[in-house]
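Starting from 1, each residue takes its place in the sequence as its number. Basis for what follows: all heavy atoms, side chains included, without hydrogens, waters or symmetry-related copies.
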Amino acid sequence: MKITLLGSLGNINRIVVPRLIADGHDVTVISSSEKRIAAIEALGAHAAVGDMSDVTFLTEQFTGRDVVYLMISGSSPDLFGSAKQLGDIFKNAVMAAKVKKSRQS
């Protein structure tokens, strides 16, 4: 399967990405930092650097993917407002890209 994950190589993806690749999946990891490209590619995944609040960027990354893993993170003083805004962005990108499956955490 073609899978795209938000969350760079944080606590979840640093464990999940190697397993998905070992299982034969085509994995893209979205990161906001170009410094993570080498580490992502060293695992055998594709790196996509951009802003997870950019619906156009996310739509491009989600297009043609079977599954996307969505993660809301941040340290905004208005965590609930920020989460709602990101949720709306994710929803719009997933719908525009016509992703078959998605999972939010």
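Put simply, the side chain of Arg14 does not reach to within 4.5 Å of the side chain of Leu43, judged on heavy atoms. By the 4.5 Å heavy-atom criterion applied to side chains, Ile40 and Leu9 are counted as neighbours. Taking 4.5 Å as the limit, some side-chain heavy atom of Thr28 sits within range of a side-chain heavy atom of Gln61. Between Met1 and Asp26 there is no side-chain heavy-atom pair separated by less than 4.5 Å. Looking only at side-chain heavy atoms (C-beta outward), Tyr69 and Thr4 stay at 4.5 Å or farther from each other.
Cluster annotation: Ile37 and Val27 are assigned to distinct hydrophobic clusters (Ile/Leu/Val/Met/Phe/Trp/Tyr, side-chain heavy-atom contacts under 4.5 Å, transitive). Cluster membership check: Ile89 shares its hydrophobic cluster with Phe57, using side-chain heavy-atom separations under 4.5 Å among Ile, Leu, Val, Met, Phe, Trp and Tyr. Met52 and Val49 fall into different hydrophobic clusters, where Ile, Leu, Val, Met, Phe, Trp and Tyr are joined by side-chain heavy atoms under 4.5 Å apart, directly or via other members.
Counted by atom type alone, His25 and Asp66 present zero donor-acceptor pairs between their side chains at under 3.5 Å.
More than 12 non-hydrogen atoms from other residues, nucleotides or ligands lie less than 6.0 angstrom from CD of Glu41.
Within the model, atoms CG of Asp78 and NZ of Lys84 stand 11.5 Å from one another, a figure rounded to the nearest 0.5 Å. From Ile30, atom CD1 reaches atom NE2 of His46 across 12.5 Å, with rounding to the nearest 0.5 Å. We find the CG-CZ distance between Asn13 and Arg19 to be 15.0 Å, quoted to the nearest 0.5 Å.
Side chain of Thr59 to main chain of Val55: a donor-acceptor pair is present (N/O by atom type, distance under 3.5 Å, no hydrogens or angles).
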Item to check | Working for side-chain contact (heavy atoms from CB on, under 4.5 Å), residues Phe90 and Leu6 | outcome: CA-CA 10 Å; Phe90 295 169; Leu6 293 178; 3.4 Å; yes
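If you run side chain to side chain contact (heavy atoms under 4.5 Å, CB included) between Leu5 and each of Val16, Val67, Leu70, only Val16 comes through.
Nearest heavy atom pair, residue Ser8 against residue Arg36, reads OG-CG, 3.4 Å.
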